[in-house]
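Taking it in order: structure first as structure tokens, then the write-up.
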Amino acid sequence: MRKIAVLTSGGDSPGMNVAIRAVVREGIRLGCEVFGVYGGYEGLIEGRIKRLSERDVGGIIHRGGTMLQTSRSERFRTEEGRARAVRQLQASGIESVVVIGGNGSFEGAKKLEAEGVATVCIPGTIDNDMPGTEMTLGFDTAVNTVVEAADRIRDTSFSHDRIGLIEVMGRNSGSIALWAGVACGAEYVIVPEIEFRIEDLIRKLQASIRDGKRHSIILSAEGVGSGADIASRIKAMAGYDVRTTVLGHLQRGGSPTAADRVLGSRWGVEAVHLLTRGERGRLLGIVSNKIVAHRYDDPIRQENHNDVSLATILQNLSI
Ligand SMILES: Nc1ncnc2c1ncn2[C@@H]1O[C@H](COP(=O)(O)OP(=O)(O)O)[C@@H](O)[C@H]1O
Ligand SMILES: O=P(O)(O)OC[C@H]1O[C@](O)(COP(=O)(O)O)[C@@H](O)[C@@H]1O
Ligand SMILES: [Mg+2]
């Protein structure tokens, strides 16, 4: 009987539980024993491994976070740490691992694969910054969370004739800012992929005010620096009343959207199918609404997630 483990690693993202549920239930349905590793790679090093039943993953489909918990593990970056992780798997007779996480976790999975463990990687991060997929698990939920917050901030910005600047997550990626910006009708977006000139932003704000619109919403991605700093520069240069909101970890939690639940279910099932067919060393993705599985050793195309044309759409539609 095949023994498969599943773990979540790096920043959590809404939908990780959905993927865990799918791996466990599909694995057991196909006659595998499925194990949960608690606490990501750090937990793997420590041998925090427990066999899971179909019932153990009940009641989690609608929950954010990850029931298995997660970690950022420095030890796993070392050869000794990984050797210990491999020994823990061997001690439980586990030959394959489904890793749910972002880019860093994917790097870790490649190393596990090279050390003889069969792995499949599910892209789980709110950042939408992974190669070979148009979407990552949790991105849709995070974007919806930002849009909801931006709508609220717009209400009060309008009442007070103020500018609301919202700093959103995304490490080095502007995806959340661009998607949420278009979806909430933001007046301006500041992202690492596009050169930012404060003079352009101020010109745009002045044009709006001349036109009779006295409030605006600006989304800035954390990758361009502090939103509060940008706000004080705007205040200093143009004298506008800018209020900054840093959404922070609010964006990482919450019930996954239907889109994330469907994606997590499809990927969890596919990961098990690959491993039971002996197909290993695969990074899952979704391209043109089709599930794809890239070999780790293939050059994996970096999709243009941060389609900067979204910034043009945003600019042209927000007047
Ligand atoms: N080059 C690497 N080699 C081995 N393990 C890595 C490597 N990069 C990242 N990892 C492991 O993956 C974990 C998660 O990566 P991180 O970048 O924090 O999050 P994410 O996977 O969400 O992008 C790291 O804490 C580390 O344990
Ligand atoms: O969880 P932490 O340590 O606060 O890290 C914050 C970072 O994690 C993220 O929320 C998610 O990124 P990862 O999925 O790559 O971990 C980033 O947007 C942000 O830069
Ligand atoms: Mg990442």
Side-chain angles (χ1 to χ4, degrees), residues 126-129 134-135 139-252 254 257 259 303-319:
I126 62 165
D127 288 359
N128 204 26
D129 61 348
E134 290 166 357
M135 280 291 153
F139 174 66
D140 185 65
T141 306
V143 168
N144 276 282
T145 303
V146 172
V147 169
E148 193 191 323
D151 289 348
R152 288 167 193 256
I153 290 167
R154 188 185 286 284
D155 289 345
T156 171
S157 300
F158 166 80
S159 305
H160 289 266
D161 279 345
R162 275 182 187 145
I163 291 157
L165 190 146
I166 307 171
E167 182 190 310
V168 303
M169 275 186 167
R171 208 182 289 273
N172 303 311
S173 160
S175 276
I176 294 178
L178 284 166
W179 281 66
V182 170
C184 76
E187 279 67 27
Y188 212 87
V189 69
I190 308 168
V191 292
E193 295 83 1
I194 303 172
E195 193 199 343
F196 172 55
R197 284 195 303 268
I198 197 155
E199 300 75 26
D200 294 345
L201 167 58
I202 287 172
R203 219 172 294 124
K204 163 93 179 175
L205 295 174
Q206 284 165 340
S208 282
I209 288 168
R210 266 200 308 276
D211 214 35
K213 179 172 156 190
R214 305 188 60 81
H215 76 281
S216 283
I217 294 293
I218 302 168
L219 294 194
S220 77
E222 62 175 335
V224 301
S226 142
D229 287 351
I230 299 170
S232 21
R233 284 168 65 201
I234 300 170
K235 220 172 215 167
M237 284 177 73
Y240 295 141
D241 192 7
V242 187
R243 296 295 158 110
T244 307
T245 308
V246 181
L247 291 182
H249 291 85
L250 199 88
Q251 297 157 92
R252 283 251 294 271
T257 57
E303 298 294 332
N304 189 13
H305 315 289
N306 310 332
D307 186 353
V308 286
S309 72
L310 283 179
T312 310
I313 291 174
L314 181 146
Q315 284 283 337
N316 294 341
L317 297 185
S318 72
I319 49 163

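For reference, positions follow the sequence shown, starting with 1.
- Residue Arg243 holds its CZ atom at 12.5 Å from CD1 of Ile153, rounded to the nearest 0.5 Å.
- Side-chain N/O atoms of Thr257 and Asn144 include no donor and acceptor closer than 3.5 Å.
- A heavy-atom distance below 4.5 Å is not found between the side chains of His160 and Asp241.
- Across all their heavy atoms, Ala177 and Leu219 have their closest contact at O-CD1, 3.5 Å.
- At a threshold of 4.5 Å between non-hydrogen side-chain atoms, the residues Ser175 and Asp127 do not count as touching.
- One finds the NZ atom of Lys235 at 15.5 Å from the CE atom of Met237 (value rounded to the nearest 0.5 Å).
- To the nearest 0.5 Å, atoms NZ (Lys204) and CD1 (Ile218) are separated by 10.5 Å.
- Ile217 and Ser157 make their closest contact through CD1-OG, 4.0 Å (heavy atoms, listed as atom of the first residue, atom of the second, distance).
- His215 has its side chain within reach of Arg154: a pair of non-hydrogen atoms, C-beta onward, lies under 4.5 Å apart.
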Check against side-chain contact (heavy atoms from CB on, under 4.5 Å), Ile126 and Thr141: CA-CA 8 Å; Ile126 62 165; Thr141 306; over 6 Å; no
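- Put simply, the side chain of Glu193 never gets that close to the backbone of Val308: no donor and acceptor are under 3.5 Å apart.
- Inter-residue side-chain proximity for Gln251 and Val146 is flagged as met; some heavy-atom pair is nearer than 4.5 Å.
- When all heavy atoms of Ala221 and Gly174 are compared, the pair lying nearest together is CB-CA, 4.3 Å.
- For the pair Ile234 and Leu205, the minimum side-chain heavy-atom distance is below 4.5 Å.
- Summarising the geometry, atom CZ belonging to Arg233 is positioned 9.5 Å from atom CG belonging to Leu201; distances are rounded to the nearest 0.5 Å.
- Looking only at side-chain heavy atoms (C-beta outward), Ile319 and Lys213 stay at 4.5 Å or farther from each other.
- In this structure, Ser232 contributes its side chain and Ala228 its backbone to a donor-acceptor pair below 3.5 Å.
- Note: Glu222 CD to Ser173 OG = 9.5 Å, rounded to the nearest 0.5 Å.
- Ion pairing between Glu199 and Arg203 fails under the 4.0 Å rule for side-chain N and carboxylate O.
- Across all their heavy atoms, Leu165 and Ser220 have their closest contact at CD2-OG, 3.8 Å.
- Looking at every heavy atom in both residues, Tyr188 comes nearest to Ile190 through CD2-CG1, 4.0 Å.
- Tyr240 places none of its side-chain heavy atoms less than 4.5 Å from the side chain of Arg214.
- Put simply, CG on Leu310 and CG on Leu314 are 8.5 Å apart, with the number rounded to the nearest 0.5 Å.
- Using a 4.5 Å heavy-atom threshold, the side chains of Val224 and Ile230 count as touching.
- Contact record, Asn172 with Pro192: O-CG, 3.4 Å, taken as the closest heavy-atom pair.
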